A.B. asks: 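Sharing a structure, written as structure tokens. Questions coming.
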Number of protein chains: 2
Amino acid sequence: MKFIQTPVKGMQDFLPEDMVLREHVLGIIRDTYAKYGFTEIETPVMEHIENLTGKNGGENEKLIFKVEKRGRELEKALGKVRGSADMLSDAAGTELADSALRYDLTVPLCRYYSCHKNELPTPFKALQIGNVFRADRPQKGRFRQFTQCDIDIIGDPSVMAEIELIAATSGALHSIFAEVGVSGFTVHIGDRRILRAMARSAGFSEEQYDDVFIILDKMDKIGLDGVREELLANGYSEQMVDKYVGFFRLYEEGSAGDVASFIGSTCADVIEEGVAGDMEMILSAARAMISDDITLKFDPTLVRGMSYYTGTIFEISIDNYSFSIAGGGRYDKMVGRFCGQDAPACGFSIGFERIVTILKDLNWKDRDAGAKKAYLVDMKGAADRVTQVFGKAAAERAEGMTVVVQPQVFGKAAAERAEGMTVVVQPLKKNAKFQIETLEKSGYTDILKVYADTQL
Amino acid sequence: MKFIQTPVKGMQDFLPEDMVLREHVLGIIRDTYAKYGFTEIETPVMEHIENLTGKNGGENEKLIFKVEKRGRELEKALGKVRGSADMLSDAAGTELADSALRYDLTVPLCRYYSCHKNELPTPFKALQIGNVFRADRPQKGRFRQFTQCDIDIIGDPSVMAEIELIAATSGALHSIFAEVGVSGFTVHIGDRRILRAMARSAGFSEEQYDDVFIILDKMDKIGLDGVREELLANGYSEQMVDKYVGFFRLYEEGSAGDVASFIGSTCADVIEEGVAGDMEMILSAARAMISDDITLKFDPTLVRGMSYYTGTIFEISIDNYSFSIAGGGRYDKMVGRFCGQDAPACGFSIGFERIVTILKDLNWKDRDAGAKKAYLVDMKGAADRVTQVFGKAAAERAEGMTVVVQPQVFGKAAAERAEGMTVVVQPLKKNAKFQIETLEKSGYTDILKVYADTQL
């Protein structure tokens, strides 16, 4: 029999020490969001193939794992594929499949909400933790199955949604990193409406926005001068580009501290009413809730890739790391696209795998672990795989005596576990030194060898 | 765009109240096994198709969901399938796939152990919780994606493995059911070696065992007389059948209370040495660890379906329910079949979905839930989606004043969350009555309407 010992390409097995860390982080996330009234939901890892190939997932749709039809449906699909020799392999693959593994948690959330909205409260505050799958080229830190952790509020059109999301997420990250001594988070808050108004104010037309934003999004890599050059290289007029770049110079000089006056100097004439007020309320209310060592700032350079965002967008960065560890925003039109009836929505996605990687690199140790004790029971001389503690009794029983066994070691272990300790009972091995070292590595501090005459 | 709102056929979405129950049960399982030194592991939901079609999974292999190859590999496979018109659809499906969704957690565990054994302690005590997938005909209580919860000890040939597994599993079930007032568990412990020896002693030949055990396994439905009839109908001699059935009459009459003498009266001459001692040690040591209201008994009628069991087998039943809620046994030869090197192994699988269904039917309520408070903030009259708490400030700011906002309601909420309470802040809706009812249904007991002049 052919048997492959490694996991499927690009996928991971988690060792016990990995799992302790992962469960620890998930525990903080669950506890924190629960206090904000978020409730956990779960959706299947498989979705109808129609839902995953509707062009809502952008590039991710090219990376889906398709699941084959079965039985008569497969037979029919095979007939079709065999019958049309010019059907391209991608189309043939879709024909042969009836479902696929989800590439994110947003599509399943929209399907879930549209299916169950009558059973759910409004606003609906959802926490979803689950595996997603992408047939990406495997590379360091990128896997084909990984855990996403999404928090969404559906049905609240007010900035209260943003405030609760930012406060809860900052709180969770603060708790996760505090114990490894890492602080220095910055919550960057932008708004698609301000982004668009600034582009409009500089003279760009609506069709040019996407192109302009893609270039602006590179600012942290190429700097503002780089952005200017690239905009010029793309053929935009020097006048427009300089006006646009000028807005961001104001930001770099610190003028965005007061949102209302920054908007006043950049795009007041073209922006819809209320945007500055929203932003200020988010900043001040979130400030009232989050730890002082977290910086909150209005960041007009924030773009975020997904085209479905309609208002506020946010991202949380961590000092000394070049990537963000959480991001999200408001997407008021997306639920409607899926379920036919608009519902305002706002969400945050926590970069769970990134966080776990950082903590692992920082040599995170489990501080919650209580006392761990091991009993190594000597099996030598004990009859027939029966431990020596029971050996004498077994021998006497074999001679016809009625013997009541006192399973001391197990009784002791049971009592200690009841007190909250972690206790293992194992046969003492020939290489006791190695056995003890292994246990010590796993955090066992109290290791006892038990012989027939040991008094417990 | 075609969009399907229901989950994929046979799969489930979990509502928030379902998840609270599921996470609660998983929490008890995790905590209990941790105290016994079991460590959690995780494997991908996808496995190499070769590993899932090696005839180790029996009937389950017919139910696998196959995942398609991609890119050039898919193209090549399509070429093959198109080129051989007589390739049956099942074979074509396998040709087009490179992986599949796992149908249980045992195959992944064996693969995991063979891949990582040098990084794992011996004995290795593993807890694995994960989704498995079977393309079964959907029916009440049977789903195509469901959670399994397996606990295994690899590398301990002694009965300590059985004792720890039985004690931990009984303990977990006791904790899970105690709060709904359900007790009355019975741990049935049998042994494949005794089962075989009894059949041999009655005169059956080795090739007949499987047939005999399949009939014996129906005893709880058809009774011992039914078993007798069916054995006779299958052509076995009355002499053999009556001798065999006689053994079980002894058991029904209560003679199995003393394992050694039961074996003495049934199969002492053909059984390997030490089996009775093993069984007695398991019974007495487990008794020392588990709660008094759990019955522990030697049950020679226990069969358990999977052919890979080699020694002890066990099952836990619950009074007034016709199905078992946990089962397992020793499978010393299986790891070797997968990884080429034998390793003794013993495991328990908890019927997680069954347990959740029972608790739900018993109207389980979350007793861990702390105080839950809701602030419903009146948005009327507040400028431009800014809540009234901030409304005045926004208006004044619009007039050019510098105003420091005191986000009272959020500050108050933050302080209460820090004390451990669950607090939500929401806009007050027009239909406040319905909003409040919905919150009360979700367990919010303290619901406050906040107006501009509310003193918090």
Side-chain angles (χ1 to χ4, degrees), chain A residues 1-8 11 13-14 16 19 35 37 39-40 42-44 46 48 50 54 65-68 70 74-75 78 82 89 92-93 99 112 114-115 121 135 145 158 160 273-274 277 281 284-285 288-289 338 384-386 390 394 405 407 410-411 414 417 422 424-425 427 438, chain B residues 1-8 11 13-14 16 19 35 37 39-40 42-44 46 48 50-51 54 65-68 70 74-75 78 82 89 92-93 99 112 114-115 121 135 145 158 160 274 277 281 284-285 288-289 338 384-386 390 394 405 407 410-411 414 417 422 424-425 427 438:
Chain A
M1 191 193 94
K2 197 180 169 189
F3 186 72
I4 304 169
Q5 301 193 340
T6 51
V8 164
M11 301 202 175
D13 284 333
F14 294 110
M19 286 302 289
K35 282 192 191 140
T39 51
E40 198 165 345
E42 194 179 312
T43 55
M46 274 161 73
H48 302 282
E50 294 87 343
F65 286 101
K66 294 173 189 169
V67 178
E68 285 180 13
R70 294 152 308 282
L74 177 64
E75 224 170 282
L78 278 168
R82 280 174 167 143
S89 64
S99 53
Y112 179 95
S114 70
C115 185
Q145 171 179 325
S158 83
M160 294 201 174
E273 247 185 286
M281 174 140 128
S284 62
M289 288 200 276
F338 278 96
D384 204 25
R385 284 175 45 207
V386 177
F390 296 83
V405 172
F410 289 105
R417 283 166 184 149
T422 295
V424 296
V425 184
T438 309
Chain B
M1 190 193 91
K2 195 180 167 188
F3 186 71
I4 304 170
Q5 301 193 339
T6 50
V8 164
M11 301 202 174
D13 286 332
F14 294 111
M19 287 301 290
K35 283 193 189 138
T39 52
E40 198 165 345
E42 194 180 311
T43 54
M46 274 161 73
H48 304 282
E50 293 87 343
N51 294 2
F65 286 102
K66 296 173 187 169
V67 178
E68 285 181 14
R70 295 150 308 281
L74 177 63
E75 224 170 283
L78 278 167
R82 280 172 168 146
S89 64
S99 53
Y112 179 96
S114 69
C115 185
Q145 171 179 323
S158 83
M160 294 201 176
M281 173 138 131
S284 62
M289 287 201 276
F338 279 97
D384 203 26
R385 283 178 44 211
V386 176
F390 296 82
V405 173
F410 289 105
R417 283 167 184 149
T422 295
V424 296
V425 185
T438 309

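Chain naming here is simple, since letters A, B, ... match the order of the sequence lines and numbering starts at 1 in each. Because the structure is a prediction, the values reported are computed rather than measured.
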A.B. asks: Under 4.5 Å from any heavy atom of chain A, what part of B:T438 do you find: side chain, backbone, both or neither?
C.D. replies: side chain

A.B. asks: To the nearest 0.5 angstrom, please state how far the CD atom of A:E40 sits from the CZ atom of B:F14.
C.D. replies: 11.5 Å

A.B. asks: Rounded to the nearest 0.5 Å, how far does OH of A:Y112 lie from CD of B:Q5?
C.D. replies: 14.0 Å

A.B. asks: Report the option among B:P121, B:A135, B:G93 that has the most heavy-atom pairs separated by less than 4.5 Å from atoms of chain A.
C.D. replies: B:G93

A.B. asks: When you measure from the side chain of B:N51 to the backbone N and O of A:I4, does any donor-acceptor pair fall under 3.5 Å?
C.D. replies: yes

A.B. asks: In Å and rounded to the nearest 0.5 Å, what is the OG1 to NE2 distance from A:T6 to B:H48?
C.D. replies: 4.0 Å

A.B. asks: Heavy-atom pairs under 4.5 Å with chain A: which of B:A414, B:C115, B:P44 has the most?
C.D. replies: B:P44

A.B. asks: Where does B:Q145 contact chain A at under 4.5 Å (heavy atoms): side chain, backbone, both or neither?
C.D. replies: side chain

A.B. asks: Return the NZ to CG distance between A:K66 and B:L74, rounded to the nearest 0.5 Å.
C.D. replies: 7.5 Å

A.B. asks: B:R417 side chain to A:K35 main-chain N or O, any donor-acceptor pair under 3.5 Å?
C.D. replies: yes

A.B. asks: Please state whether the side chain, the backbone, both or neither of B:R82 comes within less than 4.5 Å of a heavy atom of chain A.
C.D. replies: both

A.B. asks: When rounded to the nearest 0.5 angstrom, what is the spacing between CE in B:M11 and OG in A:S99?
C.D. replies: 6.5 Å

A.B. asks: Can you tell me how far CZ of A:F3 sits from CD of B:E50, rounded to the nearest 0.5 angstrom?
C.D. replies: 10.5 Å

